[in-house]
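Below: one structure, written as structure tokens.
Every chain is numbered from 1, with letters handed out A, B, ... down the list of sequences. We use all heavy atoms of the structure for the numbers below, so side chains are in, but hydrogens, waters and symmetry mates are not.
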There are 2 protein chains.
Amino acid sequence: MGKGGQPRVLLVEDEPAQRTVLAYNLEAEGFAVTQADNGEDAMVLVDEEEPDIIILDWMMPKVSGIEVCRRLKMRPDTRGIPIIMLSARAEEVDRIRGLETGADDYVVKPYSVLELMARARAQLRRVRPSTAGVVLEHEDIRLDPESHRVYRADKVLKLGPTEFKLLVTLMERPGRVFSREQLLDLVWGRDIYVDTRTVDVHVGRLRKSLMQHGGSDPVRTVRGAGYSLG
Amino acid sequence: MGKGGQPRVLLVEDEPAQRTVLAYNLEAEGFAVTQADNGEDAMVLVDEEEPDIIILDWMMPKVSGIEVCRRLKMRPDTRGIPIIMLSARAEEVDRIRGLETGADDYVVKPYSVLELMARARAQLRRVRPSTAGVVLEHEDIRLDPESHRVYRADKVLKLGPTEFKLLVTLMERPGRVFSREQLLDLVWGRDIYVDTRTVDVHVGRLRKSLMQHGGSDPVRTVRGAGYSLG
DNA sequence: AGCCTATGCGACGATTGTGTAACAGTCGAA
DNA sequence: TTCGACTGTTACACAATCGTCGCATAGGCT
């Protein structure tokens, strides 16, 4: 996942009608969709877009789906990306071969769109090992991602969802200065159109939340550059 | 159990990417993990490490998972170790054969990591009834999985099946925030397609049931994230 | 100093997430 | 069969939170 927002899916399907329907539904479900209609483009887009998951048609001109799958599963940097293969019923015999090639799941046409979504989400959940278990600490601030709780000097703080994500981001690299654009990317999500000034406001809110029981301001403003923790 | 409280798990999976993700998560969940990428090593490590539980991939080079399972269940000294088999969807037909071979549970890929953890804990609890863990407790709520009964302040509560499963899930990790998707996975099951809002409704019902004799609301809503106990 | 830009902050409607009641469908027991 | 318990979905209301604006203030230049 881009860190913050929509999961990115690369949809590779040569049949335009099917691709469009699928893309529409995926977007309605909150995915950021990149489309390709052949295997060659797909290989390029994998590098450019760094998708979180790939939905791949089996039969395609030029480079077939299974070939794309095989190549991606051989590269160490792309191996981790889950791949869901789509296949027409007639090709069902090749099912085993598909999974052997490294596909993570397999959906036979005609499929239920709901089912495909559910499987896509399942894959994302499987691969993304949540930041669980790691308690972030900085000075007297303690953040537990698992329980979604933030403490300062052993007092529980109350923060909104965006403030929480913002704090997680800052605490993952204390001292590092994040530009407003970077924060928008990391906290809000990649392609979301929001004024960069909004970051200021939320930093302000985060500050207030962090100091709700007293204490000094742990957030540093770097004029002309951005913000950092400490 | 291992000496220091951590349950030891032997993880046998030949695909490095999957093994790594799983190991990471298991360790984050408090397991002591030993890894093997083939059946032969697995057999040796069973003796050397004396794991409390084994997670075993079905398909593997050399000695297959099912073969490892069969051998271990024949030896009197290893028969008692619970084995959870992992299998790709295409091999689902072999399910019966897997359980016949003696596997104690069976998880189909793609699985939710959370679910796998939950099942592993369930197996450990089953094998080790003497150890505290049979009866789940949190504050004044007591849940006895054996008798399927829930008490609060020594009064018996009446809950429906789904409410019960939901409460079990939450009580297995008090404080941890579960997203609606995770709860759907853990309580309803992975290939059931149900609206996430349904979770809200059942949480509401659980709340009412838990407070039917008075008392405060033990379920915490984490806006934008999910629910947790306490 | 004066000027210009970047930032802090309060206030405002708009949006989103959640709680809950109501409803219809399913299932099993009597 | 009829009954009752339970389910998943929907609709509505309310509250939390959001993004933007306006203006005040602070910082960095010449």
So, does A:Lys165 get its side chain near the phosphate of D:dC18, meaning an N or O under 4.0 Å from OP1 or OP2? no
State which of C:dG8, D:dC6, C:dT18 makes the closest approach to the side chain of B:Pro161. D:dC6
Rounding to a whole Å, what distance do you find between A:Arg220:CZ and C:dT7:C1'? 15 Å
In whole angstrom, give the distance that lies between atom OH of A:Tyr193 and atom P of D:dC18. 18 Å
Between B:Tyr151 and B:Arg149, is there a cation-pi geometry (under 6.0 Å to ring centre, at most 45° from the normal)? no
Would you confirm whether A:Glu49, through its side chain, and A:Val46, through its main-chain N or O, come within 3.5 Å as a donor-acceptor pair? no
Just to be sure I understand the rule, does A:Gly204 reach a base, reach only the sugar-phosphate, or reach nothing, if contact means heavy atoms closer than 4.0 Å? nothing
Rounded distance in Å - CG (B:Asp200) to P (D:dT10): 13 Å
Over-ring placement of A:Arg180 relative to A:Phe178, 6.0 Å and 45° cut-offs: no
Can you give one letter per nucleotide of nucleotides 21-30 of chain C, 5' to 3': B if a protein heavy atom sits under 4.0 Å from the base, S if only from the sugar-phosphate, - if neither? -B--------
Within this structure, what is the CG-to-P distance between B:Leu206 and C:dG19, rounded to whole angstrom? 12 Å
Please work out if B:Val199 contacts a base, only the sugar-phosphate, or nothing of the nucleic acid, heavy-atom cut-off 4.0 Å. nothing
Side-chain contact, heavy-atom cut-off 4.5 Å: A:Val168 with A:Pro145? no
Among D:dC18, D:dT20, D:dG8, the one nearest any side-chain atom of A:Asp195 is D:dT20
Looking only at the side chains, is there a donor atom on one of B:Arg220 and B:Ser228 sitting less than 3.5 Å from an acceptor on the other? yes
Between B:Tyr227 and C:dG19, is there a contact of a side-chain N or O with OP1 or OP2 at under 4.0 Å? yes
Within a reach of under 6.0 Å around CG of A:Asp47, are more than 12 heavy atoms found that belong to other residues, nucleotides or ligands? yes
Heavy-atom side-chain contact between B:Arg207 and B:Thr221 under 4.5 Å: yes
Give a yes/no on whether any side-chain N or O of B:Thr221 is located under 4.0 angstrom from OP1 or OP2 of C:dG19. yes
Tell me whether the OP1 or OP2 atom of D:dT7 has a side-chain N or O from B:Trp188 closer than 4.0 Å. no
To the nearest angstrom, the NE2-P distance between B:His202 and C:dT18 comes to 17 Å
Readout for nucleotides 22-29 of chain D: B = base within 4.0 Å of protein heavy atom, S = sugar-phosphate only, - = neither; 5' to 3' it is ----BBS-
Rounded to whole angstroms, how far apart are CZ on A:Phe164 and C1' on D:dC18? 18 Å
First of B:Gly160 and A:Gly160 reached from the 5' end of DNA chain D, by closest nucleotide: B:Gly160
